[in-house]
Amino acid sequence: MTDLAADRQLDHDVIIVGAGFAGLYMLHRLRSAGFSARVLDAADGVGGTWYWNRYPGARCDVQSFDYSYSFSDELQQDWTWSERYATQPEILRYIEHVAERFDLNRDVQLGATVLGATFDDAHSRWTIKLEGGQHLVSTYVVMATGCLSVPKRPSFAGLSDFKGETYISGEWPHHPVQLSGKRVGIIGTGSTGIQLTTAIAREAGELLLFHRTPNFSLPAQNRPLDEEFTRELKSQYDQRRQEARTTTRGYPVPPILSNLSALEVEHEQRLEVYEAVWRNGGPVFTSSFADLLTNPEANATASEFVRGKISSIVQDPATVEALTRFDHPLGTRRPCVDTGYYETFNQPNVALVDVHDDPIVEITADGIRTASGSYDLDVIVFALGFDAMTGALLRMGITGQDGTTLPERWSDGPSAYLGVAMSGFPNLFTVTGPGSPSVLTNMVMAIEQHVDWITGILEFARDQGTDRVEADADTEKLWTQHVVAIADETLFPRANSWWTGANIPGKPRVFMPYIGGLGQFQQVLDDVRTHGYEGFSFS
Ligand code: NAP
């Protein structure tokens, strides 16, 4: 591949891998800045995570009008969201609209599975190898491969013996799946499993939810967005976006939140705040007080409140017990957001199977067998989560200078400067990689932040007359240590969460996202840029 890169003309200045929110905006920005770029994606359509995750009930739990591009005021004025939390089909329509509106599709190559990316040190170029034998050569590569794009696959004994249908949430088929009247089992109760549960419970003859570790789920309080709300929103969209860029979460939070300690106020006042935030809905509950994610006692008051809510909704005491046997403080795993999840357990066709102490032993021809019983099923749905943040990058066959591969480089856990670049892998950039706020924030705002910054550093390199950009090893190490150190000041590392890699057997345990928030991260990015992209070498 090295010889190929040396002999060949460059195909593009930049190859972008991934045609989701990140890859499409990257293409748009690079084009505007005068770079030639091409997007590659294995899927048959644009949309990234929203292309793949088309399972029943899929929707985003960041508000639609925040979880959308802010780079074009015309776009945000023209597009109207129908609900507070958009469904997957609506988000996919939006992304397709953006691709058409900005004429992006002509530079998007679909059905293009990347098998390898190799850096040619002598000529400072990357060669991308595609399934089918095509090679593409570029100066730069941007991995816009998503944080939740590699589903965790089922590895249960006996899986191939099952006579019924099986589905993986992140690879849901494009054809309609008929579940009405069937006996359906769902394994997994994260955000995905919870959304599947409420949707499938409406249709299935019987639904068994195989539940291992309780997650906190908070009410979405979803609603249609009426004309008056939308008019008001659009009249202030710009200010809302400006504010969003300064926040921790990447969207403005409701004024009902308190900046006091939960322990500083009287019990009654605390309950009033929790009740108001619960009624407001969405994933902001952990911001009810200032110290819920740093002080275990403060957190316990919030956990207790949610536990009380669950007990008041779910009628069966054994189900309540299984749903509330929390092993982590509220918010230290990504809270789920639901519409009627706990109420679903009161339906006569829905039952929880507690596999915490009675684990799934095998899948049989007829269904699922746990240590103590067997459950006959027509359909099994796997919602087992993702090899998050690093999974896609590690599978991409990336080889840097000196022939070092990314899996070798990250064998003790990921290390990246600002979540955007790795030493030893010159001219390679990652959008919302480990070490950036990414999954702790509104992903679309985080993507725009990274893409704008990557475009800036490439323009800077071009202005300097250089075509080789690399993160310095020492600076990268300091940043990675800083990311871990500030997480250690909080309760986050206490949980077995996918943020730490704990959901994937054998994955090194490192708290991956930057906890400082989007606004604070912007200050870091600005600082690095105004100091001539400090921590990067240009040659
Ligand atoms: P997840 O949160 O990692 O949940 C995976 C579930 O599968 C867990 O309940 C896990 O149980 C279970 N599981 C895995 N292996 C198992 C096994 N061998 N036996 C029994 N149970 C098993 O994954 P996710 O639900 O796909 O969500 C991941 C993230 O995607 C979310 O946190 C969120 O950031 C994002 N997401 C967002 C939305 C939204 O916007 N509404 C929707 C979907 C996903 P244990 O906990 O016991 O391991």
Side-chain angles (χ1 to χ4, degrees), residues 49-50 52-64 66-67 83-88 91 146-157 159 168-172 185-199 208-220 222 249 281-283 322-323 325-328 331-339 341 352-363 368 370-371 380-389 391 432 438-444 446 495-505 507 512-513:
T49 197
W50 297 107
W52 294 104
N53 286 279
R54 50 182 74 219
Y55 58 84
R59 66 170 78 230
C60 181
D61 59 22
V62 175
Q63 300 180 111
S64 53
D66 291 320
Y67 188 86
E83 289 179 88
R84 184 180 180 194
Y85 299 97
T87 61
Q88 175 270 339
I91 299 171
C147 293
L148 296 162
S149 47
V150 177
K152 184 176 162 188
R153 298 186 157 278
S155 58
F156 298 97
L159 181 59
I168 294 177
S169 54
E171 294 171 359
W172 200 264
I186 298 176
I187 307 179
T189 53
S191 300
T192 304
I194 281 172
Q195 291 184 331
L196 277 160
T197 299
T198 49
L208 297 181
L209 185 60
F210 293 81
H211 174 279
R212 190 165 64 180
T213 311
N215 285 308
F216 290 90
S217 192
L218 306 165
N222 191 25
R249 292 174 178 269
L323 289 168
R325 205 195 303 109
F326 296 113
D327 71 349
H328 60 281
T332 57
R333 281 175 146 210
R334 172 70 157 68
C336 307
V337 176
D338 72 90
T339 300
Y341 172 62
L352 181 146
V353 181
D354 190 354
V355 295
H356 186 267
D357 298 325
D358 182 20
I360 295 171
V361 175
E362 61 171 349
I363 294 188
I368 293 177
T370 67
I380 304 177
V381 177
F382 299 100
L384 306 178
F386 298 88
D387 185 354
M389 300 199 75
T432 63
S438 65
V439 290
L440 295 177
T441 67
N442 172 359
M443 280 303 289
V444 185
N496 291 318
S497 70
W498 57 260
W499 289 323
T500 65
N503 65 326
I504 301 293
K507 187 164 172 169
M512 294 183 281

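Just follow the structure's listing: the first ligand is 1, and inside any ligand the first atom is 1.
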Study note, to complete from the structure: atom 20 (C) of ligand 1 sits nearest the protein heavy atom Ile187 CG2, 3.7 Å
Review point. Does the Arg212 side chain pair with the main chain of Ile360, one donor and one acceptor, at a distance under 3.5 Å?
Key: no
**Study point:** Where ligand 1 meets Gly190 - atom numbers and elements under 4.0 angstrom, heavy-atom basis
**Key:** 2 (O), 4 (O), 6 (C), 9 (O), 25 (O)
Practice item. Would you mind running through ligand 1 and noting each atom that sits below 4.0 Å from a heavy atom of Ala383? Key: 5 (C), 6 (C), 7 (O)
Check your understanding: Within a strict 4.5 Å, meaning less than it, do heavy atoms of the Val353 and Ile368 side chains meet?
Key -> no
**Study point:** Leu384, portion touching ligand 1 at heavy-atom distance under 4.0 Å
**Key:** both
Revision key, fill the gap. Closest non-hydrogen contact found for Met512 with Trp498 is CE-O, 3.4 Å
**Study point:** Shortest non-hydrogen contact between Gly193 and Thr197, atoms and distance
**Key:** O-OG1, 2.6 Å
Study note, to complete from the structure: heavy-atom search around atom 46 (O) of ligand 1 in the protein gives Arg333 NH2, 2.8 Å
Revision key, fill the gap. Value for CD1 (Ile186) from CG (Leu352), rounded to nearest 0.5 Å, stands at 11.0 Å
Exercise for review: Measure the distances from the heavy atoms of Phe156 to every atom of ligand 1 and state whether one is below 4.0 angstrom.
Suggested key: yes
Study note, to complete from the structure: In ligand 1, the atoms that come under 4.0 Å of a heavy atom of Lys152 are 14 (C), 15 (N)
Point to revise | Glu362 side chain reached by Phe156 side chain, heavy atoms, under 4.5 Å | key: no
Exercise for review: List the closest protein heavy-atom neighbour of atom 17 (C) of ligand 1: residue, atom name, distance to the nearest 0.1 Å.
Suggested key: Arg212 NH1, 3.5 Å
Point to revise | Nearest-option assignment for atom 47 (O) of ligand 1, heavy atoms, candidates Asn53, Leu209, Thr213, Val355 | key: Thr213
Practice item. Examine distances only and state if a side-chain atom of Asp358 and a backbone atom of Thr370 form a donor-acceptor pair shorter than 3.5 Å. Key: no
Check your understanding: Considering only the protein, which heavy-atom contact is closest to atom 33 (C) of ligand 1, and what is its distance?
Key -> Ser191 OG, 3.8 Å
Exercise for review: Do me a favour and list the nearest non-hydrogen protein atom to atom 26 (O) of ligand 1 with residue, atom name and distance?
Suggested key: Thr192 OG1, 2.7 Å
Review point. Relative to ligand 1, is Phe386 under 4.0 angstrom through side chain, backbone, both or neither, heavy atoms considered?
Key: side chain
Practice item. Return the minimal non-hydrogen interatomic distance between Ser438 and Thr432, and the atom names on each side. Key: CB-CB, 3.4 Å
Exercise for review: Considering non-hydrogen atoms only, spot the tightest contact between Phe386 and Ser149 and give its length.
Suggested key: CD2-N, 4.0 Å
**Study point:** Residue that, paired with Asn215, satisfies side chain to side chain contact (heavy atoms under 4.5 Å, CB included) out of Ser191, Cys336, Pro335
**Key:** Cys336
**Study point:** Residue, atom name and distance, where the atom is the protein heavy atom closest to atom 32 (O) of ligand 1
**Key:** Trp498 NE1, 2.9 Å
Exercise for review: Can you sort out which atoms of ligand 1 are near Tyr55, meaning under 4.0 Å from one of its heavy atoms?
Suggested key: 42 (C), 43 (C)
Review point. Any idea which part of Ala388 is under 4.0 Å from ligand 1, heavy-atom wise: side chain, backbone, both or neither?
Key: neither
Exercise for review: Pull out every atom of ligand 1 sitting under 4.0 Å from any heavy atom of Asp61, numbered as shown with elements.
Suggested key: 39 (C), 40 (O), 41 (N)
Exercise for review: State whether the shortest distance between N or O atoms of Asn503 and N or O atoms of ligand 1 falls below 3.5 angstrom.
Suggested key: no
**Study point:** Heavy-atom protein neighbour under 4.0 angstrom from atom 10 (C) of ligand 1
**Key:** no
Review point. With atoms numbered from 1 as shown, which atoms in ligand 1 lie under 4.0 angstrom from a non-hydrogen atom of Arg59?
Key: 39 (C), 40 (O), 41 (N)
Practice item. May I ask you to list the atoms of ligand 1 that are less than 4.0 angstrom from any heavy atom of Leu148? Key: 29 (C), 30 (O), 34 (O), 35 (C)
Check your understanding: Which ligand 1 atoms does Thr189 reach within 4.0 Å, using its non-hydrogen atoms?
Key -> 6 (C), 8 (C), 9 (O)
Review point. Are the side chain of Gln195 and the backbone of Arg59 linked by a donor-acceptor contact shorter than 3.5 Å?
Key: yes
Review point. Which part of Ile194 is near ligand 1, with near meaning a heavy atom under 4.0 Å away: side chain, backbone, both or neither?
Key: neither
Point to revise | Polar side chain donor-acceptor pair, Asp338 to Ser217, under 3.5 angstrom | key: yes
Check your understanding: Where is the nearest protein heavy atom to atom 41 (N) of ligand 1: which residue, which atom, and how far?
Key -> Gln195 NE2, 2.9 Å
Exercise for review: Can you see which heavy atom on Pro214 is nearest to which on Ala322, and at what distance?
Suggested key: CG-O, 3.3 Å
**Study point:** Option of least heavy-atom distance to atom 23 (O) of ligand 1 (set: Ser497, Pro505, Gly385)
**Key:** Gly385
Review point. Checking salt bridge (Lys or Arg N to Asp or Glu O under 4.0 Å) for the pair Arg249/Asp66: CA distance, chi angles, key distance, verdict?
Key: CA-CA 11 Å; Arg249 292 174 178 269; Asp66 291 320; over 6 Å; no
Point to revise | Polar atom proximity, Gly188 to ligand 1 (N or O, under 3.5 Å) | key: no
**Study point:** Asp61 side chain reached by Arg334 side chain, heavy atoms, under 4.5 Å
**Key:** yes
